[in-house]
Amino acid sequence: MSAGRDAGGGPSGGSRLLGLSDGLLVARALHLVAAAGVADALAGGPRPVGELAAATRTHPDTLGRLLRVLAGEEVFHEVEPGVFGLTETGRYLRSDHPDSVHAMLAFSELVGRSFADAMHSLRTGEATFPRTYGAPFFEFLRAQPEADRLFNAAMAQATRRDTAALIDAYDFGGARRIVDVGGGDGGLLLSLLGAFPGTGGVLFDQPHVVAAARERIGAAGLAGRCEAVAGDLFGALPPGGDLYLLKWILHDWPDAEAVAVLRGCRQAMGTGGRLLVIERMIPRGGRPHPAKTLDLVVLVLLGGRERTVPEYEALLAEAGLSAHRVIDTGSGLSILEARPADAP
Ligand code: SAH
């Protein structure tokens with residue numbers, strides 16, 4: 001019986017487990033090369049590893065070993081011994097690719113360090129991030145402009161990939177004033193205003209995030225139709241919208257805080273208003289789903305959680321809102337449309 005085979009000659013459960021464990025090493029290699037900016041240094045075509053190491057301030061032999069692993073995953077291509085280029089897949093690691101995932105993977109380098117300490121979350125159910133980095137997630141980002149820039153870019157890149165599916169799935173054109181609560185860099189709201197000329201928008205986020213977004217709004221020529229309002233998610237939210245968006249907000253928070261945000265939305269909107277909770281919903285059944293892995297990320301970073309539709313419905317009910325319908329966008333994100341429970 002050869003190693004890695006069970007008594008019946010098939011691959012053993014042990015090999016399968018060790019293979020799963022190796023996935024961590026591939027993922028970390030990917031995070032490291034993303035954080036070092038290796039793909040951008042290959043924009044002009046394949047380069048010898050020594051030259052690439054000099055361009056990315058990395059150790060040549062070590063970089064070559066990381067690239068060898070990732071060449072095995074078809075991210076890089078070793079065109080001749082010691083000379084690496086990007087594959088079709090690897091091009092998405094470039095920061096200037098229109099569908100780039102660079103910021104998300106570079107930010108994952110920082111996230112991964114918190115996963116190394118995540119026994120704390122397993123023991124307590126709390127976020128691990130504050131132990132790794134000495135401050136809660138968003139507080140840390142406020143004090144670390146480079147990490148903050150990467151996080152906001154990661155969110156923007158992820159949201160950009162889903163925007164077309166959201167626009168196809170829901171008629172935003174019925175709204176007069178769309179309030180994007182925690183709208184980040186404003187990318188989604190600007191796309192909606194672009195796609196639906198009759199709409200106006202309010203971007204709401206933390207002061208430093210809104211300051212950057214305001215420039216984008218101006219550059220898009222949409223300052224006349226889009227306000228940018230700075231404030232606290234747990235304070236008063238901009239009133240008078242007829243459509244409130246919470247995209248990737250509730251999953252950041254434990255139930256009590258999530259209900260507080262929903263109550264804030266309920267207070268800000270009139271009885272005729274609608275609220276869209278846009279999240280990856282945990283599906284029924286045992287199959288793998290990106291919501292189930294993202295759930296671990298928001299747990300370790302923030303003490304947050306991904307939820308099932310009934311779990312969101314329960315939070316909405318506590319905040320005086322009732323779920324009206326759920327739309328699967330086909331991108332992995334769902335839209336849960338809610339209205340005030342006392343709406344006519
Ligand atoms: N909706 C965007 C961004 C999601 S990330 C998207 O889907 O791409 C979560 C957002 O919540 C960030 O933009 C962050 O700045 C904002 N946020 C976190 N805590 C906040 C607070 N206390 N007040 C206002 N905004 C907050």
| Going by atom types only, do Ser114 and Thr128 share a side-chain donor-acceptor pair under 3.5 Å? | no
Notebook entry, point to check: In terms of heavy-atom contacts, does CD of Glu74 have more than 12 from other residues, nucleotides or ligands at under 6.0 Å?
Noted result: no
Here the pair of heavy atoms bringing Arg47 nearest to Leu52 is CD-CD1, 4.4 Å
Test side-chain contact (heavy atoms from CB on, under 4.5 Å), reference Leu275, set Leu243, Leu246, Val181, output is Leu246
Taking the side chain from Thr87 and the backbone from Gly90, do they hold a donor-acceptor pair closer than 3.5 Å?
yes
Is there a chain of hydrophobic side chains (I, L, V, M, F, W, Y, each step under 4.5 Å between heavy atoms) that links Phe107 to Val297?
yes
For this session: Please indicate whether Arg266 has more than 12 foreign heavy atoms, meaning atoms of other residues, nucleotides or ligands, lying under 6.0 Å from its CZ.
Result: yes
Single-linkage hydrophobic cluster, 4.5 Å side-chain cutoff, Ile278 and Val298 together: no
Are Leu105 and Met155 connected in a single hydrophobic cluster, I mean Ile/Leu/Val/Met/Phe/Trp/Tyr linked by side-chain heavy atoms less than 4.5 Å apart? no
(Q) One thing to verify: whether Lys247 and Glu279 come together as a salt bridge, which I'm taking to mean a side-chain N less than 4.0 angstrom from a carboxylate O. (A) no
- So, does Gln206 use its side chain to make a donor-acceptor pair with the main chain of Val210 at under 3.5 Å? no
Note: Asp252 and Leu302 closest approach over all heavy atoms is O-CB, 3.3 Å
Ala34 and Ala106 have their tightest heavy-atom pair at CB-N, 3.7 Å
Here the pair of heavy atoms bringing Tyr244 nearest to Ala268 is OH-O, 3.2 Å
Query - Arg225 side chain to Leu193 backbone, donor-acceptor under 3.5 Å - result: yes
Counting the benzene-type ring for Trp, do Phe76 and Phe84 have ring centres under 6.0 Å apart?
no
Heavy-atom closest pair (Pro130 atom, Pro136 atom, distance to 0.1 Å) is CG-CA, 4.0 Å
- Query: Will you find, in the side chains of Glu337 and Tyr170, an N or O donor that is under 3.5 Å from an N or O acceptor?
  - Reply: yes
To the nearest 0.5 Å, atom SG of Cys265 lies from atom CZ of Arg274 at 14.0 Å
What one should report as the nearest heavy-atom pair of Leu190 and Ala220 is CD1-CB, 4.2 Å
Q. Can any side-chain N or O of Thr163 pair as donor or acceptor with the backbone N or O of Thr159 at less than 3.5 Å?
A. yes
* May I ask you to decide if Asp185's main-chain N or O and Arg216's side chain share a donor-acceptor pair within less than 3.5 Å? => yes
